[in-house]
Chemist: 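Can you keep this structure in mind? I'll have questions shortly.
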Amino acid sequence: MSYSRDEKSMLLSIALESINSGLQHGRPARMHIPDYPPSLTAERASFVTLKHGDALRGCIGTLDARTSLVESIADNAYAAAFSDPRFAALGASEVNDLNLEISVLGPLEPVTVTTEQALLDQLIPGEAGWVLQDNGHRGTFLPSVWESLREPADFLRHLKLKAGLPPDYWSEKLQIWRYTTESFAAAVTDINTAGQA
């Protein structure tokens, strides 16, 4: 998967439109699918991350492709702004200071290992996002998380905690997947400028 500059710009504009729709109407933007090229209407999973500078302000996504990419982006941008339980709902005064990052996920690839060390040996910094699931607990880290957790052991420990598992947890029933992403970002001020050009 690889998106053109125009396609990335379109997806970033959709994310911003959906945040503005949330502020004005209390719901995500509604997408008119025929308005978009087939590359953006294929079923894809995505995450939308909101940041103030380097500080996280919201991040919501899906691991499974259930809707068109444009709908996935619209829904996840709205949810990242208003439904991330770690943050208060976004206020109108914050929007122009935001950076939006979109990550379009490739398919989840199952990983089979029998020991934690075997898993650590496969965790190559920056290469992939990872999902852990066991006993009703599930967590994921996007590849961008490697920027702050550079050591495989730290990455895995924090991923377990995110999934609601103890940091030293291991089980033969642990389910593991990896995935790649195509990620791109822009400041809201740049998205607005591009939209007016």
Chemist: Nearest 0.5 Å, what's the CH2-OG1 distance between W177 and T140?
Modeler: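 It is 10.0 Å, given to the nearest 0.5 Å.
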Chemist: Side-chain contact, heavy-atom cut-off 4.5 Å: L100 with T49?
Modeler: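 Side-chain contact under 4.5 Å: no.
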Chemist: Excluding sequence neighbours, so at least two apart, what forms salt bridge (Lys or Arg N to Asp or Glu O under 4.0 Å) with D154?
Modeler: R157
Chemist: Yes or no on side-chain contact (heavy atoms from CB on, under 4.5 Å) for F141 and L149, after CA distance, side-chain angles and deciding distance?
Modeler: CA-CA 10 Å; F141 276 157; L149 295 171; 3.9 Å; yes
Chemist: List the atom pairs, donor and acceptor, that lie under 3.5 Å between side-chain atoms in residues 165-176 and the rest of the protein, sequence neighbours left out.
Modeler:
| unit_1 | atom_1 | unit_2 | atom_2 | d |
| --- | --- | --- | --- | --- |
| Y169 | OH | D134 | OD2 | 2.2 |
| S171 | OG | K173 | N | 3.0 |
| Q175 | OE1 | Q133 | NE2 | 3.2 |

Chemist: Any pair with a residue in residues 36-81 that passes ring pair (Phe, Tyr, Trp, His ring centres under 6.0 Å), sequence neighbours left out, goes on the list, sorted by first then second residue, please.
Modeler: Y78-F82
Chemist: I'd like to check the salt bridge (Lys or Arg N to Asp or Glu O under 4.0 Å) partners of K51; sequence neighbours left out, ordered by chain and number.
Modeler: none
Chemist: Quick check for you: to the nearest 0.5 Å, what is the distance between R150 atom CZ and E147 atom CD?
Modeler: 7.5 Å
Chemist: Roughly how far, to the nearest 0.5 Å, is the CD1 atom of I73 from the OG atom of S13?
Modeler: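 Going from OG on S13 over to CD1 on I73, the span is 11.5 Å.
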Chemist: For W146, check ring pair (Phe, Tyr, Trp, His ring centres under 6.0 Å) against everything at least two apart and list the hits.
Modeler: F155
Chemist: Not counting sequence neighbours, list each pair that qualifies as a salt bridge (charged side-chain N to carboxylate O under 4.0 Å, His left out) and has a residue in residues 83-106.
Modeler: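 Residue pairs passing salt bridge (charged side-chain N to carboxylate O under 4.0 Å, His left out), neighbours aside: R57-E94, D84-R86.
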Chemist: Quick check: does any side chain N or O of D75 sit under 3.5 Å from a backbone N or O of P28, one acting as donor and the other as acceptor?
Modeler: no
Chemist: With rounding to the nearest 0.5 Å, note down the distance linking NZ in K160 to CG in L132.
Modeler: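 Here the interatomic distance stands at 8.0 Å.
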Chemist: Mind jotting down which residue pairs meet the salt bridge (charged side-chain N to carboxylate O under 4.0 Å, His left out) criterion with at least one end in residues 6-25? Sequence neighbours excluded, please.
Modeler: K8-E182
Chemist: So how far is it from L120 CG to L156 CG, rounded to the nearest 0.5 Å?
Modeler: 5.5 Å
Chemist: Can I get a per-line list of side-chain donor-acceptor pairs under 3.5 Å for residues 102-115, giving both atom names and the distance, sequence neighbours left out?
Modeler:
| unit_1 | atom_1 | unit_2 | atom_2 | d |
| --- | --- | --- | --- | --- |
| S103 | OG | S183 | OG | 2.8 |
| T115 | OG1 | A118 | N | 3.0 |

Chemist: Would you please test L98 and L90 for side-chain contact (heavy atoms from CB on, under 4.5 Å) and show each step?
Modeler: CA-CA 10 Å; L98 286 177; L90 191 75; 3.7 Å; yes
Chemist: Find the distance between CG (N76) and CG (L50) and round it off to the nearest 0.5 Å.
Modeler: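 Here the interatomic distance stands at 10.5 Å.
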Chemist: Any non-hydrogen side-chain atom of Y3 less than 4.5 Å from a side-chain atom of L40?
Modeler: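 They are in side-chain contact.
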Chemist: Only counting residues at least two apart or in another chain, list the ones meeting side chain to side chain contact (heavy atoms under 4.5 Å, CB included) with A74.
Modeler: I14, S18, M31
Chemist: Remaining members of I60's ILVMFWY cluster at a side-chain heavy-atom cut-off under 4.5 Å?
Modeler: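 Members alongside I60: none; it stands by itself.
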Chemist: A side-chain contact here means heavy atoms from C-beta on lying under 4.5 Å apart; do Q122 and E127 qualify?
Modeler: no
Chemist: If you measure from the Lys or Arg side-chain nitrogens to the Asp or Glu carboxylate oxygens, is any gap between E71 and R44 under 4.0 Å?
Modeler: no
Chemist: Quick one: do D121 and Q117 satisfy side chain to side chain donor-acceptor pair (under 3.5 Å)? Show the steps, please.
Modeler: CA-CA 6 Å; D121 290 343; Q117 186 57 53; 2.8 Å; yes
Chemist: Tell me, which pairs form a salt bridge (charged side-chain N to carboxylate O under 4.0 Å, His left out) where one or both residues lie in residues 34-43, sequence neighbours left out?
Modeler: none
Chemist: Can you name the side chain to side chain contact (heavy atoms under 4.5 Å, CB included) partners of T189, sequence neighbours left out?
Modeler: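 A187.
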Chemist: Okay, side chain of T41, backbone of I33: is any donor-acceptor separation there less than 3.5 Å?
Modeler: no
